[in-house]
2 protein chains.
Amino acid sequence: MRISTRFSDSIHILAFISIYKGKLPLTSENIAGSVKTSPVVVRRLMSALRKAGLLKTVHGSADPQIARPLDQISLYDIFLAVEGPKRHLFTIDEKTAPECIVGGNIQATLADYYHQAEVAAEAKLVQFKLADVIDSILVKQAQKEATKERK
Amino acid sequence: MRISTRFSDSIHILAFISIYKGKLPLTSENIAGSVKTSPVVVRRLMSALRKAGLLKTVHGSADPQIARPLDQISLYDIFLAVEGPKRHLFTIDEKTAPECIVGGNIQATLADYYHQAEVAAEAKLVQFKLADVIDSILVKQAQKEATKERK
DNA sequence: ATTATTGTAACTATATTAGTTACATATGTC
DNA sequence: GACATATGTAACTAATATAGTTACAATAAT
């Protein structure tokens with residue numbers, strides 16, 4: 001199975017909090033308006049981010065705080081927070097016939113190859129920081145506004 | 001969503017054909033016995049492999065042929081055959097609010113980062129060949145038999 | 001006190017995947 | 001050529017995962 005939009009939405013939430021802090025009340029309602037989902041979904045994801053130590057929230061208060069500097073939170077940290085460490089990009093078929101040469105050995109074989117491919121992708125996610133994402137968003141927004149200006 | 005077992009099962013099918021060719025009748029029934037699925041599922045996957053030019057089959061005849069040398073079929077070729085080129089490992093939320101700074105720019109931003117992570121994983125899959133998988137399977141099988149021998 | 005908000009459980013709707021049933025079409029053997 | 005066996009594929013069903021909804025207790029803010 002493909003990785004769900006939970007990952008994308010969680011990055012979105014953190015970027016939103018960083019960019020709009022002090023400018024908008026950071027209620028799950030307002031955040032949900034930007035993600036275009038329900039406030040409950042937002043709170044559920046924020047709960048996972050809080051449990052992973054990436055976000056600080058106070059029950060009843062609409063003022064979440066990002067727990068670390070933006071260049072010290074990687075996309076992989078966020079991935080782990082919302083998908084967990086057991087989430088794999090590829091899926092091994094666990095039920096193949098153990099008495100067959102292929103069925104009995106392909107699981108360990110593919111586990112090895114898949115792991116290498118996953119580590120390559122994860123290494124990229126470790127490199128990319130929340131700070132980079134926010135910079136990209138702000139640059140793209142500035143480009144949009146400059147284009148709009150130019151008549 | 002995670003990548004389905006279609007990918008793993010397709011690798012299994014090709015390895016099975018290579019290892020058991022001439023030793024067992026290569027019916028979808030026999031292959032399905034090793035994958036522990038139904039013959040129809042096997043034929044469906046073999047159909048995708050055939051359309052991608054990785055396998056040659058004859059309607060009504062239980063004698064599939066792998067179309068290229070085993071070291072010229074990568075795991076990525078197999079991935080493309082059964083999952084298609086549009087299949088992504090990560091999912092972008094397409095419905096975020098376009099009028100928001102974050103919602104309006106995060107899609108293009110994440111598309112970029114996700115693409116880099118995916119390419120890193122795909123590059124590994126390109127490196128790994130069907131020949132490597134079959135070698136690994138046979139080595140693991142030999143190890144098992146040697147261990148069994150040793151009393 | 002009252003209103004707004006978070007945190008979470010339980011449920012529903014939707015989508016994807018795997019598996020099944022059915023059958024037309026082809027092969028291979030007697 | 002008839003018959004048994006096999007492939008190729010469509011249509012349906014079952015199982016599972018994800019996203020979204022409803023409901024409500026607990027907390028905060030005024």
Side-chain angles (χ1 to χ4, degrees), chain A residues 1-10 12-13 16-17 24-52 55-65 79 81-84 86-96, chain B residues 1-10 12-13 16-17 24-52 55-65 79 81-84 86-96:
Chain A
M1 256 168 246
R2 182 189 299 148
I3 295 301
S4 69
T5 56
R6 274 196 293 269
F7 182 34
S8 294
D9 288 346
S10 298
H12 187 142
I13 289 167
F16 188 94
I17 290 170
L24 277 180
L26 295 174
T27 61
S28 58
E29 181 93 30
N30 280 340
I31 300 173
S34 174
V35 180
K36 283 255 185 83
T37 184
S38 86
V40 177
V41 171
V42 170
R43 294 202 293 271
R44 202 184 281 157
L45 292 174
M46 286 175 70
S47 175
L49 295 170
R50 177 170 42 76
K51 283 169 186 165
L55 195 64
K56 289 177 186 162
T57 62
V58 177
H59 192 169
S61 167
D63 188 31
Q65 307 257 358
F79 180 87
V82 294
E83 297 288 348
K86 287 178 189 161
R87 184 57 190 263
H88 291 289
L89 301 180
F90 303 102
T91 307
I92 287 170
D93 191 336
E94 303 289 354
K95 66 176 197 319
T96 62
Chain B
M1 252 173 247
R2 181 191 297 149
I3 295 301
S4 69
T5 57
R6 275 198 292 270
F7 181 34
S8 294
D9 289 345
S10 298
H12 187 142
I13 289 168
F16 188 93
I17 290 170
L24 276 181
L26 295 174
T27 62
S28 58
E29 180 94 29
N30 280 340
I31 300 172
S34 174
V35 181
K36 285 257 185 81
T37 182
S38 86
V40 176
V41 170
V42 170
R43 295 203 290 271
R44 202 184 282 157
L45 292 174
M46 286 175 70
S47 174
L49 295 171
R50 178 170 42 74
K51 283 169 185 163
L55 194 65
K56 289 176 184 162
T57 62
V58 177
H59 192 168
S61 168
D63 188 32
Q65 307 256 356
F79 180 86
V82 296
E83 297 287 348
K86 288 178 188 161
R87 184 58 190 260
H88 291 290
L89 301 180
F90 303 102
T91 306
I92 287 170
D93 191 336
E94 302 289 356
K95 63 176 198 324
T96 61

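We name chains A, B, ... by the order of the sequence lines, and we start the count at 1 in each one. Reckoned from all heavy atoms, side chains included, excluding hydrogens, waters and symmetry mates.
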Requested in this report: Determine yes or no for a side-chain-to-main-chain donor-acceptor pair under 3.5 angstrom, with Ser10(A) supplying the side chain and Arg6(A) the backbone.
Outcome: yes
Requested in this report: Working to the nearest 0.5 Å, report the span between CG of Leu55(A) and CD1 of Ile17(A).
Outcome: 4.5 Å
Query raised in the report: Between Glu83(A) and Ser4(A), does any side-chain donor sit less than 3.5 Å from a side-chain acceptor?
Result: yes
Report task. Classify the side chain of Arg44(B) and the base of dG19(C) as holding, or not holding, a donor-acceptor pair under 3.5 Å. Result -> yes
Query raised in the report: CG of Leu26(A) versus P of dA4(C): gap in Å, rounded?
Result: 18 Å
Report task. Answer with yes or no whether the side chains of Ser34(B) and His12(B) bring together a donor and an acceptor at under 3.5 Å. Result -> yes
**Report entry** Presence of Arg6(B) side-chain N/O under 4.0 Å of dT17(C) phosphate oxygens OP1/OP2
**Finding:** yes
Report task. Please say whether more than 12 non-hydrogen atoms of neighbouring residues, nucleotides or ligands are located less than 6.0 Å from NZ in Lys56(A). Result -> no
Query raised in the report: For dT7(D), does either OP1 or OP2 sit under 4.0 Å from a side-chain N or O belonging to Thr57(B)?
Result: no
Report summary line: Between NZ of Lys86(B) and P of dT16(C) the distance, given in whole Å, is 14 Å
Query raised in the report: Taking CD from Glu29(A) and C1' from dA4(C), how many angstroms apart are they, rounded to a whole number?
Result: 11 Å
Query raised in the report: Starting at NZ of Lys56(A) and ending at P of dT6(C), how long is that distance when rounded to a whole Å?
Result: 19 Å
Report task. Identify which nucleotide among dT8(C), dA19(D), dT9(D) has an atom closest to any side-chain atom of Ser4(A), counting heavy atoms from C-beta outward. Result -> dA19(D)
Query raised in the report: What is the nucleic acid contact for Leu45(B), judged by heavy atoms within less than 4.0 Å: base, sugar-phosphate only, or nothing?
Result: nothing
Query raised in the report: Is any side-chain N or O of Arg50(B) closer than 4.0 Å to OP1 or OP2 of dT7(D)?
Result: no
Query raised in the report: The side chain of Val40(A) lies closest to which of these nucleotides: dA19(D), dT22(D), dT20(C)?
Result: dT22(D)
Query raised in the report: Nearest to the side chain of Ser61(A) - dG28(C), dT9(D), dA28(D)?
Result: dA28(D)
Query raised in the report: Just how far, in rounded Å, is P of dA4(C) from CG of Asp63(A)?
Result: 19 Å
Query raised in the report: Whole-Å distance between dT22(D) P and Arg43(A) CZ?
Result: 13 Å
Requested in this report: Under 4.0 Å between any heavy atoms, over every strand shown, what does Thr27(A) touch: base, sugar-phosphate, or nothing? Just pick one.
Outcome: sugar-phosphate
Query raised in the report: What nucleotide, of dT6(C), dT20(C), dG20(D), holds the atom closest to the side chain of Val41(B)?
Result: dT20(C)
Query raised in the report: Starting at CG of Asp93(A) and ending at C1' of dA18(C), how long is that distance when rounded to a whole Å?
Result: 10 Å
Requested in this report: Before giving the answer on side chain to side chain donor-acceptor pair (under 3.5 Å), spell out for Gln65(B) and Thr57(B) the whole-Å C-alpha distance, their side-chain angles and the decisive distance to 0.1 Å.
Outcome: CA-CA 6 Å; Gln65(B) 307 256 356; Thr57(B) 62; over 6 Å; no
Requested in this report: Look at all strands and tell whether Ser47(B) reaches a base, only sugar-phosphate, or nothing, counting heavy atoms closer than 4.0 Å.
Outcome: sugar-phosphate
Query - Spacing between Leu24(B) atom CG and dA6(D) atom P, to the nearest angstrom - result: 13 Å
Query raised in the report: dG20(D) phosphate, OP1 or OP2: any side-chain N/O from Lys95(B) under 4.0 angstrom?
Result: yes
Query raised in the report: Is Ser28(A) near enough to dT5(C) that one of its side-chain N or O atoms lies under 4.0 angstrom from OP1 or OP2?
Result: no
Query - base_contact_polar (dA26(D) base, His59(A) side chain, donor-acceptor, <3.5 Å) - result: yes
